[in-house]
Student: 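Below are the structure tokens for one structure; questions will follow.
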Amino acid sequence: MKEILIEEIKKALAEVGAEPTREILIEKPNDEKFGDASSNVAMTLAKELKKNPRQIAQELVSKFKFNPEQIERVDVAGAGFINFYFSKSLLQQSVAQILAQGEQFGKSNVGVGKKAIVEYVSANPTGPLTVGRGRGAVLGDCIANLLEAQGYSVTREYYFNNAGRQMRLLADSVRLRYLERCGKSISFPDDYYQGDYIKDIAEKIFAQKGNTLEGETDLSFFKEFAEAEIFASIKRTLLRLGIQHDSFFNEKSLYEKVQGGKSRNEQVIDMLEQKGFIERKDGAVWFKTSLLGKKKVEDGKEIPVDTVLVKSNGEPSYRLPDIAYHITKYTRGFDLIVNVFGADHIDEYPDVMRALDVLGYDTSRIKVAINQFVTTTINGEQVKMSTRKGNADTLDALIDEVGADATRFFFVMRAKETHLNFDLELAKKQSSDNPVFYLQYAHARICGIIRVAEEKATLNAEAISPDFVKVLNAKEELDLAKELMRFPDAVSYAANSLEPQKMIMYLNGVAERFHKFYQECRIVGEEEPVMKSRLLLALATRQVLRNGFKMLGICAPERM
RNA sequence: GUGCCUGUAGCUCAGUUGGAUAGAGCAACAGCCUUCUAAGCUGUGGGUCACUGGUUCGACUCCAGUCAGGCACGCCA
């Protein structure tokens, strides 16, 4: 529908002899008396054409040739808004169209033939997922769903590192707990992993091996055992939320030699060196980010800053594999690269972008979704989340308390850049305060109506002729149809901005319109044509809710 | 100290390249169930859009500064 309006505006502009300098925007006015769709195109052109915006709008409107079956009338209002009013038959037909398209309704083909990669979670296997991680996990998953709905072929990737200092620390933490379990007295350092899960892993080792590993000083067994346990637990937690990755990318592979005898890490250094961005000093290899404008300010003076890629002990810093990893996203042929990560990783990303940029990669393909932290409060008191300290609020515990649907919903119902305050006490309450119930209730209600209607009127709702949509007439019916019609726009809007919460906002509107319709319009017991037309509308509403729920990854319950 | 994010109703938050009378849920108050699920619907009250200045026909939106909170600032990952 939007396309039709934009097309017609473009045609009219051409006739008037004006060029649309900016994208033509169609909005839904916030007051229904201003029509069903609105454009401010006349006002944006006022300055260039040196004309009164109202006059421009009038001229455009006089050129419009709309099908009266679709657009009833067009007005000019306010400072120069062009307001469109949809005709009844358009709304009626849209209901039939939704039912015909079924699960496909809301999908778009803008991404067909394009490959997208969404990297999310990417937590190293050092402990259970925290509540804070859950936000990025759900956000990333919803973004992947939305992109799929846009037609992209989407790869969901988890990038992880099972080497390095943190893993050694983890392994030794497990070893010490194991010795403790064997009855040895140990001293457990403060900077080791404190969580109870370490003891659980040690317990498992003890159950399998008894005290045969007491004298073991090599950490590799402990490391591998702990890693396998923790990874399994992470995957289990994610699965509870319906999250499954297609690909697990091990950072270690970037250290391994590929054809030509060099690792991908080394290749990055070679390429940067060719471009003149490498400097070797103090025994380390530096990326000359200072040449690219990186600086810090100290005592009012600006100091250019370079970045270490290989430490003086010969080990790469994490930035080097990060760059190499991103290059693989290009070489693997992804057209759209989405990275989802928490605010704590905000500093590494400009370095990666700088490197990709100087190496000639098109960084406009990369979209970054940075989610702010989740602060959890218990009894009004803030709890800091840290895996190492062991007082972490685990994502698993949260799912136990509030269920998978509410967990997913809570994490994406707010804009990602807000600091989400997750009140555990409130979330535990399984009451009607819970906003996810409002949506799901609408779905359950529809299912209930259809059940009763099929029983009492002995009919098959799915088999009702779509011709009955022509009976739809009441304001509440047409308002609901109008809202349903907007679904495809809502999906692409949410997908383009990587903001699943816009989907929730939209679905809330649908539920609201449905509840109003329900209040005013009875279905069962009405005359047959009216009943059938309303059943069609209810079915279309159910379809939109289902399609939307699927993108959010929440259930569509038949009863509540 | 520097960078990024945030500040909108009592609370949690929406607010579409700057546009029409700043919205929703919860909480409060008042109504609506002999009829398809009242986890719903209707209505009322509630605002210095953190503060100050600037840009312009027009600013919650853009710019500058101030205040408050979060995060990050390592040859840790």
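Quick note on labels: first sequence line is chain A, next is B, and so on, each numbered from 1. Scope of the values below: all heavy atoms of this structure, side chains included, with no hydrogens, waters or symmetry mates.
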Student: Whole angstrom is fine here: how far is it from OH in A/Tyr193 over to P in B/C76?
Tutor: 15 Å
Student: Could you tell me how far B/U42 sits from B/C33 if I compare only their P atoms? Round to whole Å.
Tutor: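 Those two atoms are separated by 16 Å.
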Student: Among B/A39, B/C41, B/U16, which nucleotide sits nearest the side chain of A/Tyr441?
Tutor: B/A39
Student: Taking atom P in both B/U17 and B/C60, compute the distance separating them and give it to the nearest angstrom.
Tutor: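 Roughly 14 Å separates the two P atoms.
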Student: Categorize A/Asp489 for me: base, sugar-phosphate, or nothing, with a 4.0 angstrom heavy-atom threshold over every strand shown.
Tutor: nothing
Student: Return yes if the base of B/A14 and the side-chain atoms of A/Asn508 contain a donor-acceptor N/O pair under 3.5 Å, otherwise no.
Tutor: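 No, no donor-acceptor pair under 3.5 Å.
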Student: A/Asp172: which residues meet the salt bridge (Lys or Arg N to Asp or Glu O under 4.0 Å) condition with it, sequence neighbours left out?
Tutor: A/Arg175
Student: Take the protein atom NZ of A/Lys456 and the nucleotide atom C1' of B/U37, then report the distance between them rounded to whole Å.
Tutor: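 Going from A/Lys456 (NZ) to B/U37 (C1'), I get 12 Å.
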Student: In whole angstrom, give me the gap between the P atoms of B/C5 and B/G40.
Tutor: 37 Å
Student: Just to be sure I understand the rule, does A/Met560 reach a base, reach only the sugar-phosphate, or reach nothing, if contact means heavy atoms closer than 4.0 Å?
Tutor: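 Touches a base.
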Student: Counting any heavy atom closer than 4.0 Å, what does A/Ala453 reach on the DNA or RNA strands: base, sugar-phosphate only, or nothing?
Tutor: nothing
Student: Output the rounded distance in Å from CG (A/Leu498) to C1' (B/U16).
Tutor: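 Distance check: A/Leu498 CG to B/U16 C1' gives 15 Å.
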Student: For A/Phe81 and B/A20, do the ring centres fall under 5.5 Å apart while the planes stay under 30° apart?
Tutor: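 Here the ring of A/Phe81 and the base of B/A20 are stacked, with centres under 5.5 Å and planes under 30°.
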Student: Quickly work out the A/Arg513 CZ to B/C41 P distance and round it to whole Å.
Tutor: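 Answer to the nearest Å: 13 Å.
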Student: What residues form a salt bridge (Lys or Arg N to Asp or Glu O under 4.0 Å) with A/Lys482, not counting sequence neighbours?
Tutor: A/Asp36, A/Asp479
Student: Which is true for A/Asp282 with a 4.0 Å heavy-atom rule: it touches a base, it touches only sugar-phosphate, or it touches nothing?
Tutor: base
Student: For A/Glu417, what residues pass the salt bridge (Lys or Arg N to Asp or Glu O under 4.0 Å) criterion, not counting sequence neighbours?
Tutor: none
Student: Please set out all donor-acceptor pairs under 3.5 angstrom arising from side-chain atoms of residues 453-461 of chain A, sequence neighbours excluded.
Tutor:
residue: A/Glu454; atom: OE2; partner: A/Ala461; partner atom: N; Å: 2.9
residue: A/Asn460; atom: OD1; partner: A/Glu462; partner atom: N; Å: 3.2

Student: Suppose we screen for side chain to side chain contact (heavy atoms under 4.5 Å, CB included). Which residues come up paired with A/Arg414, at least two apart in sequence or across chains?
Tutor: A/Arg135, A/Thr418, A/Leu420
Student: Are the charged groups of A/Arg354 and A/Asp351 less than 4.0 angstrom apart, N to O?
Tutor: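 A salt bridge is present here (some side-chain N lies under 4.0 Å from a carboxylate O).
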Student: What nucleotide among B/C75, B/A38, B/A20 has an atom nearest to a side-chain atom of A/Phe34?
Tutor: B/A20
Student: For RNA chain B, please output the secondary structure as dot-bracket, reading 5' to 3'. Pairs are Watson-Crick or G-U wobble, both atom distances under 3.5 Å; mark crossing pairs with [ ], other-strand partners with |, unpaired with a dot.
Tutor: (((((((..((((.....[...)))).(((((.......))))).....(((((..]....))))))))))))....
Student: Please report the distance, rounded to the nearest Å, between OH in A/Tyr438 and P in B/G40.
Tutor: 7 Å
Student: Considering only atom C1', compute the distance from B/G53 to B/A59 and round it to an integer number of Å.
Tutor: 13 Å
Student: In whole angstrom, give me the gap between the P atoms of B/U44 and B/G25.
Tutor: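 B/U44 and B/G25 have their P atoms separated by 13 Å.
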Student: Do the side-chain N or O atoms of A/Arg319 get closer than 4.0 angstrom to the phosphate oxygens (OP1, OP2) of B/C75?
Tutor: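 For A/Arg319, the contact criterion (side-chain N or O under 4.0 Å from OP1 or OP2 of B/C75) is not met.
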Student: Over all strands shown, is A/Ser38 touching base, sugar-phosphate only, or nothing at heavy-atom distances under 4.0 angstrom?
Tutor: base
Student: Rounded off to whole Å, could you give me the CZ-to-C1' distance for the A/Phe84 and B/A20 pair?
Tutor: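 Interatomic distance, CZ of A/Phe84 to C1' of B/A20: 16 Å.
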Student: Decide, yes or no, whether a salt bridge links A/Arg534 with A/Glu477 under the criterion of side-chain N to carboxylate O below 4.0 Å.
Tutor: yes
Student: Among B/U42, B/U16, B/A77, which nucleotide sits nearest the side chain of A/Lys516?
Tutor: B/U42
Student: Would A/Tyr506 and A/Gln501 count as a side-chain hydrogen bond (donor to acceptor under 3.5 Å, both in side chains) if you check the C-alpha gap in whole Å, the side-chain angles of each, and the deciding distance to 0.1 Å?
Tutor: CA-CA 9 Å; A/Tyr506 167 76; A/Gln501 102 275 1; over 6 Å; no
Student: Provide the distance between the two C1' atoms, one in B/A20 and one in B/C57, to the nearest whole Å.
Tutor: 14 Å
Student: For the ring pair (Phe, Tyr, Trp, His ring centres under 6.0 Å) test, which of A/Tyr120, A/Phe231, A/Tyr325, A/Phe249 pairs with A/Phe160?
Tutor: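 In the set A/Tyr120, A/Phe231, A/Tyr325, A/Phe249, the residue that makes a ring pair (Phe, Tyr, Trp, His ring centres under 6.0 Å) with A/Phe160 is A/Phe231.
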Student: How is A/Lys28 classified with respect to the nucleic acid when contacts are heavy atoms under 4.0 Å: base, sugar-phosphate, or nothing?
Tutor: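 Here A/Lys28 touches no strand at all.
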Student: Could you tell me the separation between the CG atom of A/Asn40 and the C1' atom of B/A59, rounded to a whole number of Å?
Tutor: 15 Å
Student: Scan nucleotides 5-9 of chain B against the protein and return all N/O pairs shorter than 3.5 Å with their distances rounded to 0.1 Å.
Tutor:
residue: B/C5; atom: O2'; partner: A/Glu417; partner atom: O; Å: 2.7
residue: B/C5; atom: O2; partner: A/His419; partner atom: NE2; Å: 3.1

Student: Measure CG/A/Asp344 against P/B/A77 and give the value in whole Å, please.
Tutor: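 Taking CG of A/Asp344 and P of B/A77, I get 14 Å after rounding.
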Student: Check every strand shown and say whether A/Cys521 touches a base, only sugar-phosphate, or nothing at a heavy-atom separation below 4.0 Å.
Tutor: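 Counting heavy atoms under 4.0 Å across all strands, the contact made by A/Cys521 includes a base.
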Student: Would you classify A/Glu558 as touching base, sugar-phosphate or nothing, given that sugar-phosphate means primed atoms plus P, OP1 and OP2, and contacts are heavy atoms under 4.0 Å?
Tutor: base
Student: Tell me what A/Ala415 touches on the nucleic acid: a base, only sugar-phosphate, or nothing, going by heavy atoms under 4.0 Å.
Tutor: sugar-phosphate
Student: Distance check, C1' atoms only: B/G65 and B/A27, in whole angstrom units.
Tutor: 37 Å
Student: Can you confirm if the NZ or CZ of A/Arg445 lies within 45° of the ring axis of A/Tyr518 and under 6.0 Å from the centre of its six-membered ring?
Tutor: yes
Student: Starting the side chain at C-beta, find the nucleotide from B/U12, B/C75, B/U37 nearest to A/Val452.
Tutor: B/U37
Student: So which nucleotide from B/C36, B/U17, B/A77 ends up closest to the side chain of A/Tyr518?
Tutor: B/C36
Student: For A/Arg451, enumerate each residue passing the salt bridge (Lys or Arg N to Asp or Glu O under 4.0 Å) test, keeping only those at least two apart in sequence or located in another chain.
Tutor: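 By the salt bridge (Lys or Arg N to Asp or Glu O under 4.0 Å) rule, A/Arg451 matches no residue at all.
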Student: For B/A77, does OP1 or OP2 lie under 4.0 Å from any side-chain N or O of A/Lys311?
Tutor: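 Checking A/Lys311 against B/A77: at least one side-chain N or O falls below 4.0 Å of OP1 or OP2.
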Student: Between B/U61 and B/G7, how far apart are the two P atoms, rounded to whole Å?
Tutor: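 One P to the other, the span is 12 Å.
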Student: Per the salt bridge (charged side-chain N to carboxylate O under 4.0 Å, His left out) rule, what does the pair list look like for residues 500-518 of chain A, sequence neighbours excluded?
Tutor: A/Glu483-A/Arg513, A/Glu499-A/Lys502, A/Glu512-A/Lys516
Student: Is the glycosidic torsion of B/C60 within 90° of 0, making it syn, or is it anti?
Tutor: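 The base of B/C60 is oriented anti (glycosidic angle more than 90° from 0).
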